[in-house]
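Have a look at the structure below before the remarks.
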Amino acid sequence: MGHGIGQVFAAAGYEVTLYEPDLARAEAGRARIGASLERAVTKGKITADQRHEQLERVGVAASLADAARNADLVVEAVFEDEQVKQALFAEVASHAPESAILASNTSSISITRLAAALPAERRARFVGMHFFSPVPVMPLIELIRGAETSDEAEQSVRDIAAELGKQVIVSRDRPGFIVNRVLMPFLGESMRAYEEGLGSAEDIDTGARIGLNHPMGPLELADFIGLDVCLHIMEVLHEGFGDPRFAAPPVLRQLVDAGHLGQKSGRGFHTYPRDK
Ligand code: CAA
């Protein structure tokens, strides 16, 4: 999601620096922003000059020190591994200005536990800033306050979100926060319904699309999010609440074990491009 997050900041006038441990990946992220802006030009949503200006605001850094040194805000969007995120934030804290807000785009990991990796004086300015895919399209940011997040940090993130044109909801720091807490049982139940042969994947999705006016059916949405990501979030919810209604369905585990991760691998509950 990193490039999508970078794109919305650049569009709002911020100077953005992308960092990946491998510089080529950061450059690929910048190229994806360029391609996305190119589509926006083709559709007449922005001018070619605006594309140029926005892309000019996006740079890449060869080191984390270079990326963080002058940052007002650091948004982390690495894969969902608590230890990896903690190690990253510990390093960011050694380079970023004291005044910087440090934010995680985690979809389910405890903000309080991530903050624990930081020096104590940094924790008040640490928050969850959860974006939704595709980031340029989805107008929501879920703001998560850890145990030590300050009112000032919350207000700063609210002000930034307003500049990005995103609406904010605030969640307490509980597994899955608000959106995934309500989404994952829906996706999980849809997978169980599919597994027991209640209906075809197509009919389950059509039911939600046409009958509930959802933009995507639940199986299609799980494929879009990534089945490995869904599995991880369900595991966090199940472990956090100890409630079987959050348990991942066997069909989800089996697809992930087989490497069928949804859209990104070409196959999940559906095959891609869509087998309509
Ligand atoms: N980047 C930028 N713009 C994009 C885009 C992308 N990756 N994908 C689609 N768009 C834009 C298109 O350009 C198009 O814009 P216009 O209407 O202005 O032309 C618009 O979105 C609609 O796109 P399409 O016509 O191609 O396709 P669509 O109408 O089928 O919509 C969709 C695609 C926006 C993805 C829609 O199906 C949708 O809203 N799906 C649900 C997405 C959702 O629920 N996301 C949240 C997932 S949960 C999550 O992210 C968090 C988590 O922790 C798991």
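Just so you know, ligand 1 is whichever comes first in the structure, and atom 1 is the first atom listed for that ligand. FYI, side chains are in, hydrogens and waters are out, and symmetry mates aren't considered; it's all heavy atoms of this structure.
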For each nitrogen or oxygen atom of ligand 1, which protein N/O atoms lie closer than 3.5 Å, and how far apart are they, rounded to 0.1 Å?
unit_1: ligand 1; atom_1: 13 (O); unit_2: Lys43; atom_2: NZ; d: 2.6
unit_1: ligand 1; atom_1: 15 (O); unit_2: Lys45; atom_2: NZ; d: 3.1
unit_1: ligand 1; atom_1: 18 (O); unit_2: Lys45; atom_2: NZ; d: 2.8
unit_1: ligand 1; atom_1: 19 (O); unit_2: Lys43; atom_2: NZ; d: 3.0
unit_1: ligand 1; atom_1: 45 (N); unit_2: Ser133; atom_2: O; d: 2.7
unit_1: ligand 1; atom_1: 50 (O); unit_2: Ser133; atom_2: N; d: 2.9
unit_1: ligand 1; atom_1: 53 (O); unit_2: His130; atom_2: NE2; d: 2.8
unit_1: ligand 1; atom_1: 53 (O); unit_2: Asn180; atom_2: ND2; d: 2.9

Validation: residues 58-69 side-chain donor-acceptor distances under 3.5 Å, sequence neighbours left out:
unit_1: Ser63; atom_1: OG; unit_2: Asp66; atom_2: N; d: 3.0
unit_1: Ser63; atom_1: OG; unit_2: Asp66; atom_2: OD2; d: 3.3
unit_1: Asp66; atom_1: OD1; unit_2: Arg69; atom_2: NH1; d: 3.0
unit_1: Asp66; atom_1: OD1; unit_2: Arg69; atom_2: NH2; d: 3.4

Taking every heavy atom of Met184 against every heavy atom of Leu237, the minimum-distance pair comes out as CB-CD1, 3.6 Å
*asked:* Between Phe186 and His214, is the ring centroid distance below 6.0 Å?
replied: yes
| task | Consider only side-chain N and O atoms of Asp151 and Gln155, and report whether a donor and an acceptor are under 3.5 Å apart. | result | no
Those residues at least two apart in sequence (or on a different chain) that pass ring-ring contact (aromatic ring centres under 6.0 Å, His included) with Phe126 are Phe89
ring-ring contact (aromatic ring centres under 6.0 Å, His included) filter on Phe246, not counting sequence neighbours, yields Phe241
